[in-house]
Enquirer: 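Structure below; questions to follow.
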Amino acid sequence: MRNGNEETLDPDDWEATRALAHRIVDEAVDYLARVRERPVWAPMPEEVRASFQTSLPEGPTPLATVYRNYRETVAAYPMGNIHPRFWGWYMGASNFTGALGDFLAAVEGSNLGGGTTGATQVEQQVIEWLKEIVGFPKSASGTLTSGGSMANLVAHTVIRNLAAGYDVRGEGIAGVEKPLRFYASDQVHSCHQKALETLGLGAKALVEIASDDRQRMRLDALQAAIAADRASGLQPACVIGTAGTTNTGAIDDLSAIADLCEREGLWFHVDGCIGGVLRLAPDHAHLVNGIERAGSVAIDPHKWLHAPFEAGSVLIKDAQAHFDTFEMHGPYLQLQERGMAAGKFLADYGLELTRGFRALKIWMAFKEQGAAKFGRLITRDIALARYMAAQVEAHPLLELFAPVDLNIVCFRHVAADEDAAKFLNTEIMLRLQERGLAVISDTTVQGRHGLRCAFNNHRTRRADIDGLLADVLCIAEEIKTEHASQRAHLADGPAP
Ligand SMILES: *Cc1c(COP(=O)(O)O)cnc(C)c1O
């Protein structure tokens with residue numbers, strides 16, 4: 001079957017394309033099924049890096065060649081976050097159904113800015129489900145975003161506009177009489193500062209409140225900061241509670257913050273990018289008691305729900321305030337009573353007009369797996385973190401340097417002093433990565449530096465943790481031996 005003479009982007013030969021697409025799917029399934037057999041990460045050789053320096057391709061290349069090129073230079077050098085031994089920073093491990101969802105969304109091709117389509121129904125249903133998860137009423141609104149940073153930005157825009165008490169959309173932030181203040185613990189994610197900077201409020205609008213020895217916001221310090229700011233003519237607007245900090249997984253006392261916000265007349269926002277879905281796990285749901293009392297919650301489905309990147313979301317209880325913040329229609333984009341452009345326009349709830357169909361991958365995975373399974377996987381990640389913490393505590397050469405309250409383990413190999421610990425542990429981390437054994441990252445908690453494992457990986461087993469700790473101890477030995485021989489060498493005088 002050939003198209004007519006007119007050019008399109010469709011294949012010239014649908015049957016050949018079908019055969020190639022089948023092969024791509026077959027190889028994708030193999031790639032995923034054998035993920036455990038590959039190194040977690042591999043450094044990219046110079047010649048592969050150089051292959052990305054060629055200029056804009058003027059003419060065509062057969063798709064099969066482009067695909068082979070992708071396999072050799074891209075798929076061979078992934079981040080590794082789908083690997084069972086990836087625990088660095090805070091990712092998600094993706095899932096194949098979600099990948100199929102992204103593929104189907106791209107084939108179907110709808111623009112989720114709005115319109116009466118199956119796709120907009122799917123996104124609205126996903127928002128309803130997320131509202132159910134956090135315990136928000138049906139009257140709340142919400143939107144899917146690229147990720148948590150964007151979700152928090154959307155919430156802060158709504159909060160700023162309400163708190164300012166005048167027409168910020170028309171007048172701009174320069175019209176503010178009393179500078180606004182947002183409060184969060186000193187463990188708050190950096191995206192909040194970025195958001196407030198972007199909103200013209202300045203980094204100083206984010207007041208960081210000291211956290212306690214379990215990295216939770218200190219409520220006495222919060223209360224004092226609000227009182228001091230009021231006394232000096234500033235306007236407290238919002239308290240950001242974190243349900244699962246990125247650094248250590250700490251969960252602020254959300255109920256107490258909700259009480260305080262009610263007393264003080266402040267907006268209560270929850271950054272639930274990590275723990276916003278904890279209510280799916282019945283045995284841990286109590287950790288986020290009070291989340292349902294928030295005015296807004298940010299959730300990151302590409303983290304603990306393992307949606308392929310990108311998928312974030314924000315839920316806002318005051319649907320009218322949400323709409324009033326972003327509603328905007330050019331003359332070329334008018335809503336109608338009937339037809340394609342009828343109904344709720346999803347772009348009226350965020351910054352983007354053209355929006356991708358990111359809801360499908362979440363919708364398909366929830367339907368296929370059931371919400372209860374996501375809850376069980378969350379419970380298992382927390383159990384893995386506790387298992388690792390117990391192994392670390394039982395070993396004389398390893399120590400925890402932060403409490404393990406959720407799914408993040410901050411640990412390190414012991415050393416003579418802080419400097420030596422930093423050198424040794426950083427070196428261990430880099431060798432683990434470079435040898436493709438595991439990807440973990442590092443952090444500092446209350447002045448102490450060390451390694452950090454975030455368990456949000458549905459492929460990890462206990463044996464992977466045993467393997468990691470064995471590798472850590474083995475590499476530490478190796479580094480110590482190298483240093484001992486270097487010292488011996490120096491003692492012998494300068495090298496020849
Ligand atoms: C990851 C994270 C964010 C940022 O989300 P992105 O999806 O990376 O933009 C914000 N807050 C917390 C607590 C996070 O863990």
Enquirer: Counting only heavy atoms not in Arg461, do more than 12 fall under 6.0 Å of its CZ?
Expert: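 12 or below, so no.
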
Enquirer: Identify the two heavy atoms, one from Ile408 and one from Thr246, that lie closest to each other, and give their separation to 0.1 Å.
Expert: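 Ile408 and Thr246 have their closest heavy atoms at CD1-O, 3.4 Å.
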
Enquirer: Step by step, would you call Ile475 with Ile479 a side chain to side chain contact (heavy atoms under 4.5 Å, CB included)?
Expert: CA-CA 6 Å; Ile475 292 174; Ile479 297 168; 3.8 Å; yes

Enquirer: Once rounded to the nearest 0.5 Å, what's the spacing between atom NE2 of His189 and atom CG of Asp300?
Expert: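 One gets 8.5 Å once the value is rounded to the nearest 0.5 Å.
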
Enquirer: Between His192 and Phe182, does the ring centre distance come in under 6.0 Å?
Expert: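 So the answer is no for these two rings.
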
Enquirer: How long is the straight-line distance from CG of Leu153 back to CG of Leu199, given to the nearest 0.5 Å?
Expert: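 The CG atom of Leu153 is 5.5 Å from CG of Leu199, to the nearest 0.5 Å.
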
Enquirer: State whether a side-chain donor-acceptor pair under 3.5 Å links Asp186 with Ser211.
Expert: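 A pair is found: one side chain offers a donor N or O, the other an acceptor, under 3.5 Å apart.
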
Enquirer: Establish, from distance only, whether the side-chain atoms of Arg462 and Gln391 form a donor-acceptor pair under 3.5 Å.
Expert: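 Note: Arg462 and Gln391 side chains miss the donor-acceptor criterion.
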
Enquirer: Rounded to the nearest 0.5 Å, how far does CD1 of Ile209 lie from OH of Tyr183?
Expert: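 Separation between the atoms: 7.0 Å.
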
Enquirer: When rounded to the nearest 0.5 angstrom, what is the spacing between CD1 in Ile362 and CG in Leu144?
Expert: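 Rounded to the nearest 0.5 Å, the CD1-CG separation comes out at 5.0 Å.
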
Enquirer: Identify the heavy atoms of Asn289 and Ser255 that sit nearest to each other, and give their distance.
Expert: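 Closest heavy-atom pair between Asn289 and Ser255: O-OG, 3.2 Å.
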
Enquirer: Please determine, by modelled atom types, if Glu197 and Gln193 share a side-chain donor-acceptor pair under 3.5 angstrom.
Expert: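 Checked: Glu197/Gln193 side chains pair up, N/O donor to acceptor below 3.5 Å.
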
Enquirer: Going by an N to O cut-off under 4.0 Å, is there a salt bridge joining Arg85 and Asp464?
Expert: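 Salt bridge flag = yes for Asp464 with Arg85.
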
Enquirer: May I ask you to decide if Cys273's main-chain N or O and Asp271's side chain share a donor-acceptor pair within less than 3.5 Å?
Expert: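 Between the backbone of Cys273 and the side chain of Asp271 there is a qualifying donor-acceptor contact (under 3.5 Å).
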
Enquirer: Are the side chains of Phe96 and Pro308 in contact, using a 4.5 Å heavy-atom criterion?
Expert: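 Of all side-chain heavy-atom pairs linking Phe96 with Pro308, none is under 4.5 Å.
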
Enquirer: Between Trp87 and Thr460, do the side chains contain an N or O donor and an N or O acceptor separated by less than 3.5 Å?
Expert: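 There is such a pair between these side chains.
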
Enquirer: What is the minimum heavy-atom distance between His302 and Gly147, and which atoms define it?
Expert: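 For His302 versus Gly147, the nearest heavy atoms are CE1-CA, 3.7 Å.
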
Enquirer: Within the side chain of Arg412, is there an N or O that forms a donor-acceptor pair under 3.5 Å with the backbone of Asn425?
Expert: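 Looks like no, no N/O pair under 3.5 Å.
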
Enquirer: Donor-acceptor check, side chain of Lys204 to backbone of Arg181, threshold 3.5 angstrom: yes or no?
Expert: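 Checked: no pair found.
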
Enquirer: Less than 4.0 Å between a side-chain N and a carboxylate O, is that true for Asp220 and Arg218?
Expert: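 Yes.
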
Enquirer: Using a 6.0 Å cut-off, check whether atom NZ of Lys480 has over 12 heavy atoms from anything other than its own residue.
Expert: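 Result for NZ/Lys480: enclosed.
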
Enquirer: Can you confirm whether or not the ring centre of Phe423 sits under 6.0 Å from the ring centre of His483?
Expert: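 When the ring centroids of Phe423 and His483 are compared, they turn out to be within the sub-6.0 Å range.
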
Enquirer: Are any side-chain N or O atoms of Gln235 and backbone N or O atoms of Ala163, one a donor and one an acceptor, separated by less than 3.5 Å?
Expert: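 A pair under 3.5 Å: yes.
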
Enquirer: Supply the atom-to-atom distance Glu434 CD to Met429 CE, rounded to the nearest 0.5 angstrom.
Expert: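 Reported to 0.5 Å precision, the distance equals 9.5 Å.
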
Enquirer: Charged N to carboxylate O below 4.0 Å: is that the case for Arg49 and Glu46?
Expert: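 A salt bridge is present here (some side-chain N lies under 4.0 Å from a carboxylate O).
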
Enquirer: Is the backbone of Gly244 close enough, under 3.5 Å, to the side chain of Thr242 for a donor and an acceptor to pair up by distance?
Expert: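 Side chain of Thr242 to backbone of Gly244: no pair is present.
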
Enquirer: Will you find, in the side chains of Asp466 and Tyr387, an N or O donor that is under 3.5 Å from an N or O acceptor?
Expert: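 Per modelled atom types, Asp466 and Tyr387 side chains form a pair under 3.5 Å.
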
Enquirer: Between His449 and Thr444, does any side-chain donor sit less than 3.5 Å from a side-chain acceptor?
Expert: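 No, because no side-chain N or O of His449 sits under 3.5 Å from a partner of the opposite role on Thr444.
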
Enquirer: Considering non-hydrogen atoms only, spot the tightest contact between Met79 and Phe86 and give its length.
Expert: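 Smallest heavy-atom distance, with atoms named: O-CE1, 3.5 Å.
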
Enquirer: If only side-chain N and O atoms count, and only distance matters, is there a donor-acceptor pair under 3.5 Å linking Arg355 with Thr143?
Expert: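 Distance-only check passes for Thr143 and Arg355.
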
Enquirer: Quick check for you: to the nearest 0.5 Å, what is the distance between Leu280 atom CG and Phe374 atom CZ?
Expert: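 Leu280 atom CG to Phe374 atom CZ measures 8.5 Å (nearest 0.5 Å).
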
Enquirer: Taking distance alone, no hydrogens or angles, what donor-acceptor pairs closer than 3.5 Å link side-chain atoms of residues 97-106 to residues at least two apart or in another chain?
Expert:
unit_1: Thr97; atom_1: OG1; unit_2: Glu368; atom_2: OE1; d: 2.6
unit_1: Asp102; atom_1: OD1; unit_2: Lys361; atom_2: NZ; d: 3.3
unit_1: Asp102; atom_1: OD2; unit_2: Lys361; atom_2: NZ; d: 3.4

Enquirer: Is there a donor-acceptor contact under 3.5 Å from the side chain of Thr245 to the main chain of Ala250?
Expert: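 Looks like yes, one N/O pair under 3.5 Å.
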
Enquirer: With sequence neighbours left out, which residue pairs that include part of residues 233-262 fulfil the salt bridge (Lys or Arg N to Asp or Glu O under 4.0 Å) condition?
Expert: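 Of all non-adjacent pairs touching residues 233-262, those that pass salt bridge (Lys or Arg N to Asp or Glu O under 4.0 Å) are Asp259-Arg293, Glu262-Arg293.
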
Enquirer: Looking at every heavy atom in both His284 and Ile382, which two are closest together, and how far apart are they?
Expert: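 So the two residues come closest at CD2-CD1, 3.5 Å.
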
Enquirer: Looking at Tyr31, is Arg38 sitting on its ring face, NZ or CZ under 6.0 Å from the six-membered ring centre and within 45 degrees of the normal?
Expert: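 Flagged: Arg38 positioned over aromatic ring of Tyr31.
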
Enquirer: When you measure from the side chain of Gln215 to the backbone of Thr248, do you find a donor-acceptor pair of N or O atoms at a distance under 3.5 Å?
Expert: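 Answer holds: no.
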
Enquirer: Set out, in order, the CA-CA distance, both residues' side-chain angles and the distance that settles side-chain hydrogen bond (donor to acceptor under 3.5 Å, both in side chains) for Thr443 and Asn247, then state yes or no.
Expert: CA-CA 7 Å; Thr443 192; Asn247 217 11; 2.4 Å; yes

Enquirer: Any salt bridge between Glu427 and Arg431, counting N to O under 4.0 Å?
Expert: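 Here Glu427 pairs with Arg431 in a salt bridge, since their nearest N and O are under 4.0 Å apart.
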
Enquirer: May I ask you to decide if Asn407's main-chain N or O and Asp381's side chain share a donor-acceptor pair within less than 3.5 Å?
Expert: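 Between the backbone of Asn407 and the side chain of Asp381 there is no qualifying donor-acceptor contact (under 3.5 Å).
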
Enquirer: Would Ile299 and Val297 count as a side chain to side chain contact (heavy atoms under 4.5 Å, CB included) if you check the C-alpha gap in whole Å, the side-chain angles of each, and the deciding distance to 0.1 Å?
Expert: CA-CA 6 Å; Ile299 295 179; Val297 178; 3.9 Å; yes

Enquirer: Using the rule given for side chain to side chain contact (heavy atoms under 4.5 Å, CB included), can you reason through Gln187 versus Arg216, listing the C-alpha separation, both sets of side-chain angles and the distance that settles it, and then say yes or no?
Expert: CA-CA 8 Å; Gln187 300 295 304; Arg216 296 167 309 180; over 6 Å; no

Enquirer: Looking at every heavy atom in both Glu292 and Phe136, which two are closest together, and how far apart are they?
Expert: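 Taking every non-hydrogen atom into account, O-CE1, 3.8 Å.
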
Enquirer: Pairing donors with acceptors under 3.5 angstrom, does anything connect the side chains of His269 and Ser296?
Expert: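 There is such a pair between these side chains.
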
Enquirer: Please check: side-chain N/O of Asp405 versus main-chain N/O of Gly249, any donor-acceptor pairing under 3.5 Å?
Expert: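 Pair absent, no side-chain N/O of Asp405 close to backbone of Gly249.
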
Enquirer: Could you tell me whether the side chain of Arg36 and the main chain of Pro84 form a donor-acceptor pair under 3.5 Å?
Expert: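 Judged by distance alone, no pair lies under 3.5 Å.
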
